[in-house]
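Shown next, in structure tokens, is the structure this report addresses.
Small disclaimer: the values here were computed from a predicted structure and weren't measured. Chain A is the first sequence line, chain B the second, and so forth, proteins listed ahead of strands; every chain is numbered from 1.
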Amino acid sequence: MVYDHNKIEAKWQHYWEQNQTFQTENSPKPEQEKYYVLDMFPYPSGQGLHVGHPEGYTATDIMARFKRMQGKNVLHPMGWDAFGLPAEQYALKTKHNPGSFTQQNIANFKRQIKSLGFSYDWSREVNTTDASYYKWTQWIFEKLYEKGLAYEDEIEVNWAPDLMGGTVVANEEVVNGKTERGGYPVYRKPMKQWVLKITAYADRLLDDLEDLDWPESIKQMQRNWIGRSTGARITFPVVDCQDTIDVFSTRADTLFGATYLVLAPENELVDRLTSSEQQAAVADYRKQIASKSDLERTDLNKDKTGVFIGSYATNPVNGKHLPIWISDYVLSSYGTGAVMAVPAHDQRDYDFAKKFALPIIPVIDGGNVEKEAYTGDGQHINSGFLNGLNRQKGLDKMMEWLQDHHAGKSQVNYKLRDWIFSRQRYWGEPIPVIHWDDGTTSLVPETELPLRLPQTDDLKPSGTGQSPLANLTEWVNVTDSQGRHGVRDTNTMPQWAGSSWYYLRYIDPHNDQMIADPAKLKYWLPVDLYVGGAEHAVLHLLYARFWHKFLYDLGVVPTKEPFQKLVNQGMILGTNHEKMSKSKGNVVNPDEIVAEYGADTLRLYEMFMGPLVESKPWSTEGLAGANRWIKRFWRLFIDDDNQMSEFLTTENDGNLTKIYHQTVQKVTNDLEKMRFNTAISQLMVFVNAVYKEQKLPTEYATGLVKLLSPITPHLCEELWQRLGNKNSIAYADWPSYDEQQTVADQIEIVVQVNGKVRAHLQVEPNIKNSELQELALANQHVKTAVTGKKIHKIVVVPSKIVNIVAS
RNA sequence: GCCGAGAUGGCGGAAUUGGCAGACGCGCUGGACUCAAAAUCCAGUGAUCAUUGCGAUCGUGCGGGUUCGACCCCCGCUCUCGGCACCA
């Protein structure tokens, strides 16, 4: 009988559900080793799954099934990151509540995921939009607030007036000066926002990367994002004034070369230090800057702009008077919002100095300041007591001098900014804060959590820059027991909030007393394997690490880091080698694949395409090939009359012994290293060998089905049952191999002459080198190759190669 | 511009403590089965030359180097992908 994927896949999916095969016991089992394998949970979009989703999910499912068969206690959950902008935009358009729309999408995602036969424990499903879930998201926020790590601040934010009737987006959501979603322009605007002090954890977030088994590229991206930079804070007194200007510099050694100072236009010192003659020009420049979008400030405008503010500062090291300018190439949000300009040795300062004809004084030998700034090393010149010293020695000496003269000290700065945590949206976790009329602010008491999102079908932009929640006056206005009136905070949390801790909730998903039972957390943490797309390299993964460390400090979680091993699956491209997208018309829908070929074929093909971490193009022929092989595998066991195949035999003539043990060894090692493509290739090699032999001893048949079962579970459950087994293959023992059986009695030795292969020799594995050498020289092909030549040297690598060097 | 990853047949890919380049699959060609086709099974398939048979030469983005021996290590390039992008 030909393999009927529809019937068999439905049968086993039903069986697993009925028997709760993959439900993980709720009480920890300290005597059994655990394995927590996690997928990045999806945002359930209206589009449903694309073939990229099942790639990562198949990889984790194989690992989950493999580890179960090796006797591990496996936690393998799935859930939904269901707050988010698309649902809100849809709701605004259609006058529906985003909740019902979201439920529909989740149902569709779940149907699709289930059709692929993944071994999730669905009893642990979480949904970030459930009040019983976001109660704890709000709880974490309150703890952050209590510890002073959540604060309100009037800060320059990325204001996108055209997005959702005006909203604030995080730095990470701004791409090339436009919003990541929708591509709307972004402007800088000071606004009151909730901010989380992630910078307080900058050092730990940086240093603890060391011990993680993550791709080096991701670690490097996080390091760059955090951007720790060690330098000096140098104080410049302002001439004829009590004020001082502090600057941050990593090149304090070039202080003698400073020829002017630049403040960020937004720096508050500007008001006080601008001379009356320059007032108009400065005001004009600042106005220009404020109306520029980020894009205009960076990409579109590489040309330096700026204005002299009419006052001077004193260089502490030589008393020179330096003009003070403002320019938008100095960022108000980094360092002190002011720099000392050393145009001879910094390209940005150089460009500015050239444009405004400011002096350029070289203080390090080398380079040519007529052409460009010199940033290399060299001996200091024009630098008083630093003359003759190189960069590092000069820096050390200058730091000493600055400390001694109270003109500066060492300082560490980070590119990492605090996390702007409020969004002017409806579809998110409400921030549980009340602003009282008397000017005080308080948290919603923990006993009153969750603070539920009020139901409404009529979402409207508030028009004030506040979220649509501002319209819901009944919800917004509160009166306490003393009759005091206040208003609720109308901000909601960003999508990153719910996804920053969901992996903790899976461990104890129905606990209504706490985030999770500490004993269970202790047993299951950290996550042993986390698989997802590289697009979350900095955002999600940095925020989750931050919250985890905070919870660690609170004593809630027992580990410093949440995810021990991280793997990024590569992208699946369209057949034209381009990224799949609707507009290119190269999107493959997994539903169609499952209907035509079955889930096992999709799983097998996606794992066979190439290494998990690489991007690779879809191939319709390749997919059909995977399906052909599944049927070929089936025919090893089941004949055309639906009987057990004549290949199956209880007699073992030993012809397949070596290759069987090799296969068990290779598949086991490859799965451990997640090299699924080569594991599958080895199984194909074995199947080819069985077809040659026309025989399959039962002991190898059962082993073979087990080896393949993590990859194509439906097929293998069916064959396992037909081989006479009563229980699911999911908990069958993983096959073992005998190392002795994997090596042959005879090994092949390559004989080279001058590095070129001239002959092959069949020899005993433990042959002596001298014997090997003799055999090689006696070979006819070798003799021909060395005829008329003098042998200089013979290199023998035991059990591998003989290389004869002759000329 | 800076940081990171990569480049292997017609295609996806395999092979690294430096030791037979191209496993496995796709595609293609031929054969068997069939009235025929599909499906299946078997064989061949890097290029060039030779071909009656053994075979020979070249070949892992490009140019050098180290080595008995290099896809692998070193130096210098080109291109592709990902990230960052006035962070002082």
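For A/Lys304, whose side chain is taken as the heavy atoms from C-beta onward, the closest listed nucleotide among B/C86, B/A23, B/A88 is B/C86. The side chain of A/Val805 sits closest to B/C68 out of B/G25, B/C68, B/A88. Each of B/C86, B/C24, B/G83 was ranked by its minimum atom distance to the side chain of A/Ser681; first place goes to B/C24. Ranking B/C3, B/A23, B/A88 by closeness to the A/Gln220 side chain, first place goes to B/C3. Listed nucleotides: B/A14, B/A88, B/C84. Nearest to the side chain of A/Pro611: B/A14. Of the candidate nucleotides B/A14, B/G69, B/C11, B/G69 has the atom nearest to the side chain of A/Asn803. When distances run from any side-chain atom of A/Trp225 to the nucleotides B/C3, B/U40, B/C84, the shortest one goes to B/C84.
At the phosphate of B/G13, neither OP1 nor OP2 sits under 4.0 Å from any side-chain N or O atom of A/Arg675. Using a 4.0 Å cut-off, some side-chain N or O of A/Arg628 falls inside it from OP1 or OP2 of B/C26. Applying the 4.0 Å criterion to OP1 and OP2 of B/A14, one finds that A/Asn677 has a side-chain N or O inside that range. Dashed line: the shortest gap from a side-chain N or O of A/Tyr334 to OP1 or OP2 of B/A88 is under 4.0 Å. Considering only side-chain N and O atoms, A/Lys793 lies under 4.0 angstrom from the phosphate OP1 or OP2 of B/C68. Phosphate proximity of B/A88 to A/Arg233: absent, as no side-chain N or O sits under 4.0 Å from OP1 or OP2. An OP1 or OP2 oxygen of B/A88 is reached within less than 4.0 angstrom by a side-chain nitrogen or oxygen of A/Ser229. Between A/His345 and the phosphate of B/A88, there is no side-chain N or O to OP1/OP2 separation shorter than 4.0 Å. Using a 4.0 Å cut-off, no side-chain N or O of A/Asn688 falls inside it from OP1 or OP2 of B/C41.
Between B/A21 and B/C72, the distance separating the two P atoms is 14 Å to the nearest Å. Going from the P atom of B/C71 to that of B/G59 covers 10 Å, rounded to whole Å.
Of the N and O atoms on the side chains of A/Thr712 and A/Asp600, not one donor lies less than 3.5 Å from an acceptor on the other residue.
Among the heavy atoms of the strands, none lies under 4.0 Å from A/Gln347. Using a 4.0 Å heavy-atom distance criterion, A/Val339 is classed as a base contact. Residue A/Lys579 is classed as having no contact, given no heavy-atom separation below 4.0 Å to the nucleic acid.
Annotation: A/Tyr3 is not in aromatic contact with A/Phe633 [ring centroid separation under 6.0 Å not met].
The aromatic rings of A/His536 and A/Trp496 lie perpendicular to each other, with more than 60° between the two planes, well past the 30° mark. By the 30° and 60° cut-offs, the orientation of the rings of A/Tyr334 relative to A/Phe248 is perpendicular.
At a cut-off of 3.5 angstrom, counting only N and O atoms as typed in the model, there is no donor on one side facing an acceptor on the other between the side-chain of A/Lys415 and the base of B/C84.
Heavy atoms of other residues, nucleotides or ligands lying less than 6.0 angstrom from CD of A/Glu646 number 12 at most.
RNA chain B is contacted by both A/Lys631 and A/Pro617; A/Pro617 maps to the nucleotide lying nearer its 5′ end (nearest heavy atom per residue).
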